[in-house]
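Remember, it's a predicted structure, so these values are computed and weren't measured experimentally. Just the heavy atoms: all of them, side chains too, but no hydrogens, waters or symmetry mates, feed the values below. Heads up: numbering here begins at 1 and tracks the sequence.
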Amino acid sequence: MEVRLLNASENPPMDLLLLADPSEKLIADYVERGECFIAEESGEIIGVLVLLPTRPDTVELVNVAVCKDMQGRGIGRRLVEFAVDSAKKQGFKTIEVGTGNSSIGQIALYQKCGFRMIGVDVDFFISHYEEEIYEDGIQCRDMVRLSQDLF
């Protein structure tokens, strides 16, 4: 698997980005403001991640997704590790990520990759998304915030 920056002439892989965030409007905004990286294998796009500087010395992993037929192979973990390494190389001191309270697998993955829970944005998904989101029968209401120091 190779990970590269999205070329200016390429459209972001919206189908993949929508796996992690159901709002095309929010995706378009943070892809424009951040850096979109594409994971490819044998010329096929299999994953995506977006890093967005949010404050001095801090970057947020705002989207990470893997093609459904490629999930369960460690690609998501490798993308998160790539994001952490990229943030370090760019001189950031902190990387953050937010995910839904219903995203149990993602919460576990981020912790396995060295992130620690730092807070909860109560009702974030209720306030910022028009339609209700459910994962594994759990309503996604709150954003669980995680962070990792990079120094």
Asks: When rounded to the nearest 0.5 angstrom, what is the spacing between CD1 in I45 and SG in C67?
Replies: 8.0 Å
Asks: The test is side chain to side chain donor-acceptor pair (under 3.5 Å); show your working for Y30 and E32 and say whether it passes.
Replies: CA-CA 5 Å; Y30 59 67; E32 183 176 318; over 6 Å; no
Asks: What's the shortest heavy-atom distance between L79 and A39, and which atoms?
Replies: CD2-CB, 3.7 Å
Asks: Which distance, rounded to the nearest 0.5 Å, do you find between the CZ of F82 and the CG of L49?
Replies: 6.5 Å
Asks: Using the test salt bridge (Lys or Arg N to Asp or Glu O under 4.0 Å), find all partners of D123 that sit at least two apart in sequence or belong to another chain.
Replies: R141
Asks: Do I107 and T99 have side chains that approach each other closer than 4.5 Å (heavy atoms only, starting at C-beta)?
Replies: yes
Asks: When you measure from the side chain of N101 to the backbone of C140, do you find a donor-acceptor pair of N or O atoms at a distance under 3.5 Å?
Replies: no
Asks: Do E24 and L18 have side-chain heavy atoms sitting under 4.5 Å apart?
Replies: yes
Asks: Should V48 and V97 be regarded as members of a common hydrophobic cluster, given that ILVMFWY residues are connected when their side-chain heavy atoms come within less than 4.5 Å of each other, either directly or indirectly?
Replies: no
Asks: Would you say M1 ends up clustered with L17 if hydrophobic residues are merged whenever their side chains have heavy atoms under 4.5 Å apart, either directly or through other cluster members?
Replies: no
Asks: Taking all heavy atoms of E81 and all of C113, pick out the closest pair and write down the distance.
Replies: CG-SG, 4.4 Å
Asks: Work out which heavy atom in G100 is nearest to a heavy atom in F125; give both atom names and the distance.
Replies: CA-CE1, 3.6 Å
Asks: Please report the shortest heavy-atom distance between P12 and V31, naming the atom on each side.
Replies: CG-CG1, 3.9 Å
Asks: To the nearest 0.5 Å, what is the distance between OG1 on T54 and CZ on R33?
Replies: 9.5 Å
Asks: Hydrophobic cluster membership, with links at side-chain heavy-atom distances under 4.5 Å among I/L/V/M/F/W/Y: are L19 and I46 in one?
Replies: no
Asks: Determine whether a donor-acceptor pair (N or O, by modelled atom type, separation under 3.5 Å) exists between the side chain of Q111 and the backbone of M117.
Replies: no
Asks: Provide the closest heavy-atom pair for K93 versus F151 in the form atom of the first, atom of the second, distance.
Replies: O-CD2, 3.6 Å
Asks: Can you name the nearest heavy-atom pair linking L150 to A87, along with the distance?
Replies: CD1-CB, 3.6 Å
Asks: Just wondering, do Q90 and E35 contact through their side chains at under 4.5 Å, heavy atoms?
Replies: yes
Asks: Does I27 share a hydrophobic cluster with V59, counting links as ILVMFWY side-chain heavy atoms below 4.5 Å and allowing steps through other members?
Replies: no
Asks: Roughly how far apart are D21 CG and Y129 OH, rounded to 0.5 Å?
Replies: 3.5 Å
Asks: Taking atom CG of D149 as the centre, does the number of heavy atoms from other residues, nucleotides or ligands within less than 6.0 Å exceed 12?
Replies: yes
Asks: Under 4.5 Å between any side-chain heavy atoms of Q139 and I126, yes or no?
Replies: yes
Asks: Set out, in order, the CA-CA distance, both residues' side-chain angles and the distance that settles side-chain contact (heavy atoms from CB on, under 4.5 Å) for L61 and V50, then state yes or no.
Replies: CA-CA 6 Å; L61 176 57; V50 180; over 6 Å; no
Asks: Under the 4.5 Å side-chain heavy-atom rule for ILVMFWY, direct or indirect, which residues accompany V122?
Replies: V120
Asks: Test C36 against every option in V62, L6, N63 by the side chain to side chain contact (heavy atoms under 4.5 Å, CB included) rule and name the one that passes.
Replies: L6
Asks: Please name all residues satisfying salt bridge (Lys or Arg N to Asp or Glu O under 4.0 Å) with R116, sequence neighbours left out, ordered by chain then number.
Replies: none
Asks: Side chain of S23, backbone of L26: donor and acceptor closer than 3.5 Å?
Replies: yes
Asks: Restricting to pairs with a member in residues 39-48, which pass side chain to side chain donor-acceptor pair (under 3.5 Å), not counting sequence neighbours?
Replies: R4-E40
Asks: Compare all side-chain heavy atoms of L51 with those of F37 and state whether any distance is below 4.5 angstrom.
Replies: yes
Asks: Please report the C-alpha distance between Y134 and I138 in whole Å, then the side-chain angles of each, then the deciding distance to 0.1 Å, and finally whether the side-chain contact (heavy atoms from CB on, under 4.5 Å) criterion is met.
Replies: CA-CA 5 Å; Y134 284 86; I138 302 169; 6.0 Å; no
Asks: Which pairs, with at least one residue in residues 46-74 and sequence neighbours excluded, count as a salt bridge (charged side-chain N to carboxylate O under 4.0 Å, His left out)?
Replies: R55-E96, E60-R145
Asks: Step by step, would you call F115 with I95 a side-chain contact (heavy atoms from CB on, under 4.5 Å)?
Replies: CA-CA 9 Å; F115 287 81; I95 185 169; 3.8 Å; yes
Asks: So, do L16 and I38 sit near enough that their side-chain heavy atoms are less than 4.5 Å apart?
Replies: no
Asks: Going through the checks in order, is the salt bridge (charged side-chain N to carboxylate O under 4.0 Å, His left out) test met by K25 and D29?
Replies: CA-CA 6 Å; K25 181 181 176 189; D29 177 63; over 6 Å; no
Asks: Following the transitive rule for hydrophobic clusters with a side-chain heavy-atom cut-off under 4.5 Å over Ile, Leu, Val, Met, Phe, Trp and Tyr, establish whether L52 and V3 coincide in one cluster.
Replies: no
Asks: Would Y110 and V80 count as a side-chain contact (heavy atoms from CB on, under 4.5 Å) here? Give the steps.
Replies: CA-CA 8 Å; Y110 296 133; V80 173; 3.8 Å; yes
Asks: Using a 4.5 Å cut-off on heavy atoms from C-beta on, say whether the side chain of E135 contacts that of Q106.
Replies: yes
Asks: Could you list the cluster mates of I118? Members are the ILVMFWY residues connected by side-chain heavy atoms closer than 4.5 Å, either directly or through other members.
Replies: none
Asks: Nearest 0.5 angstrom please: S103 OG to D136 CG, how far?
Replies: 9.0 Å
